[in-house]
Amino acid sequence: MGDTAKLELDGTAYELPVVVGTEGEHAVDISKLRAQSGYITLDDGYGNTGSCESAITFIDGDAGILRYRGYPIEQLAEKSTFVEAAQLLIWGELPTPAQRDHFSALLAENSAIPSDMLRHFGAFPAHAHPMAIMSGMINALQGHDLPGIHIESDGEFELAAASLLSKVRTIAAAAYKAHKSEPIVWPRYDLGFAENFLHMMFTQPYREHVPSAEAARALNMMLVLHADHEQNCSTSTVRMVASSQANLYASAAAGVCALWGPLHGGANAAVIEMLEEIRASGASVTEYVARVKSKEAGAPKLMGFGHRVYRNFDPRAKIIKKAADDLLDRMHVTDPLLDLARELEAAALADDYFVSRKLYPNVDFYSGIILRALGIPLDMFTVMFAIGRLPGWIANWKEMYDNPAQRIYRPRQIYVGSGQRDWVPSEER
Ligand code: ACO
């Protein structure tokens, strides 16, 4: 392919620049097409649209490759801590020991929620979903963290990033405690990121919870696997909001809302609900798969299957499936839902409906099994995803903030509504 692509419209030829990424991906730059020809491109659901150039995360969906800043996810899942992966995503390089210690200290110093924010938890109704609490509290936090609405310097950004990462974890645990009408537990200075979360979730006034090394390791790995995934729905939302120069907190709160839906982060809870429903109904896996394939009105989707980008396998799902096996073995836990999940996966992978559509298990298919083994309740599953995805949202926000040429995101549309008509008085309608 050359440097330009040619497009002919109404007998006029247009030359469009071809952009080539680091890994050889090609894109036709159509940003000037409308100005030159009056045409826009139409791509409902953005399946074929690159919304930005980004140096953060690379995915090759056909080959099942995921890399953060060039580092393969398999290496990071095995060797990195979540905090290190977050620093890598946000600042572009693996931290030196001094940078790691500095940031860990910032996380520890910024882990507690300001005491006057605690009363907000009581203002949510008892049945409020933790994702609603999470997005509301992130916006509330902005007022505490920033002297003005906007971040004005690199130092202010670093503090805001540390505060968000650390406090979102504290808010998540506190939302759970508030929901259970139990006293909120303060973070501890001496615990790592994952241990601290488990401590705040499960400590009771009468019993300190000391998380096991296995539990902390599994949670750390889960968080690393979720930390970024290029221009997915929630990250695109964060970038959309950030493009109006909204601050980091407002952008991250919007990301939480986008993540909540069952087609995105909400799928991890939906998978467990699906498995429980199959078990309770007594239906066989074959019967359930047949219902999915029927596509009749009300037929379910196979939750945790399929991905817009991965058309071969999701590398995170491979890692997480093995981790679920290992964790349950080490904790001597058996979970009938894991057996059912394996059976469902095998049935789907042997079925032409799924094979021909290139539908494979995604990260959510097995992540719920790990979360259950850790004792995390179902309505906290998507919150766990949000804690994990935050570094990616922050990194994407920073990438835009650092780009002086950044413009507001403003897609166009093809209008298909009625033509002009005149207003009619109500008695004549
Ligand atoms: N179960 C049954 N059929 C499916 C599924 C599924 N999980 N996913 C896709 N299909 C079918 C579609 O109905 C479509 O069939 P058709 O060609 O007969 O019309 C075909 O496969 C192609 O699917 P699309 O809808 O084009 O896939 P798209 O890229 O738009 O959606 C998505 C991707 C949302 C992930 C979809 O696969 C899905 O809904 N999966 C279940 C929810 C889920 O697990 N979400 C988590 C995604 S990963 C993440 O966010 C962490």
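Whatever order the structure lists them in is the order used to number ligands and atoms, beginning at 1. For clarity, every value in this text was computed on a predicted model and none was experimentally measured. We number each residue from 1, following the sequence as shown.
- For D10, the salt bridge (Lys or Arg N to Asp or Glu O under 4.0 Å) criterion is met by no residue, not counting sequence neighbours.
- Checked against a 6.0 Å centroid threshold, the rings of H229 and Y310 count as neighbours.
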TODO: Take Q231 and Y46 through the side-chain hydrogen bond (donor to acceptor under 3.5 Å, both in side chains) test and state the conclusion after the steps.
DONE: CA-CA 10 Å; Q231 302 313 315; Y46 307 136; over 6 Å; no
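- With respect to H129, the ring pair (Phe, Tyr, Trp, His ring centres under 6.0 Å) criterion is satisfied by exactly one of F124, Y176, W260: W260.
- Separation of atoms OG (S284) and CD (E343) is listed at 8.0 Å; rounding is to 0.5 Å.
- With F305 as the fixed residue, the ring pair (Phe, Tyr, Trp, His ring centres under 6.0 Å) test singles out one of F354, Y366, Y353, Y360: F354.
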Is there any protein N/O under 3.5 Å from an N/O of ligand 1, and what does the full list of such pairs look like?
from: ligand 1; atom 1: 1 (N); to: L302; atom 2: N; distance (Å): 3.0
from: ligand 1; atom 1: 3 (N); to: Y353; atom 2: OH; distance (Å): 2.8
from: ligand 1; atom 1: 7 (N); to: L302; atom 2: O; distance (Å): 2.7
from: ligand 1; atom 1: 7 (N); to: F305; atom 2: O; distance (Å): 3.0
from: ligand 1; atom 1: 13 (O); to: K295; atom 2: NZ; distance (Å): 2.8
from: ligand 1; atom 1: 15 (O); to: K295; atom 2: NZ; distance (Å): 2.8
from: ligand 1; atom 1: 15 (O); to: R357; atom 2: NE; distance (Å): 3.2
from: ligand 1; atom 1: 18 (O); to: K295; atom 2: NZ; distance (Å): 2.8
from: ligand 1; atom 1: 18 (O); to: R357; atom 2: NE; distance (Å): 3.1
from: ligand 1; atom 1: 18 (O); to: R357; atom 2: NH2; distance (Å): 3.0
from: ligand 1; atom 1: 19 (O); to: K295; atom 2: NZ; distance (Å): 3.3
from: ligand 1; atom 1: 29 (O); to: R308; atom 2: NE; distance (Å): 2.7
from: ligand 1; atom 1: 30 (O); to: R308; atom 2: NH2; distance (Å): 3.0
from: ligand 1; atom 1: 39 (O); to: K301; atom 2: NZ; distance (Å): 2.7
from: ligand 1; atom 1: 40 (N); to: F305; atom 2: O; distance (Å): 2.9
from: ligand 1; atom 1: 44 (O); to: G304; atom 2: N; distance (Å): 2.8
from: ligand 1; atom 1: 44 (O); to: N362; atom 2: ND2; distance (Å): 2.9
from: ligand 1; atom 1: 45 (N); to: L263; atom 2: O; distance (Å): 3.0
from: ligand 1; atom 1: 50 (O); to: H264; atom 2: ND1; distance (Å): 2.9

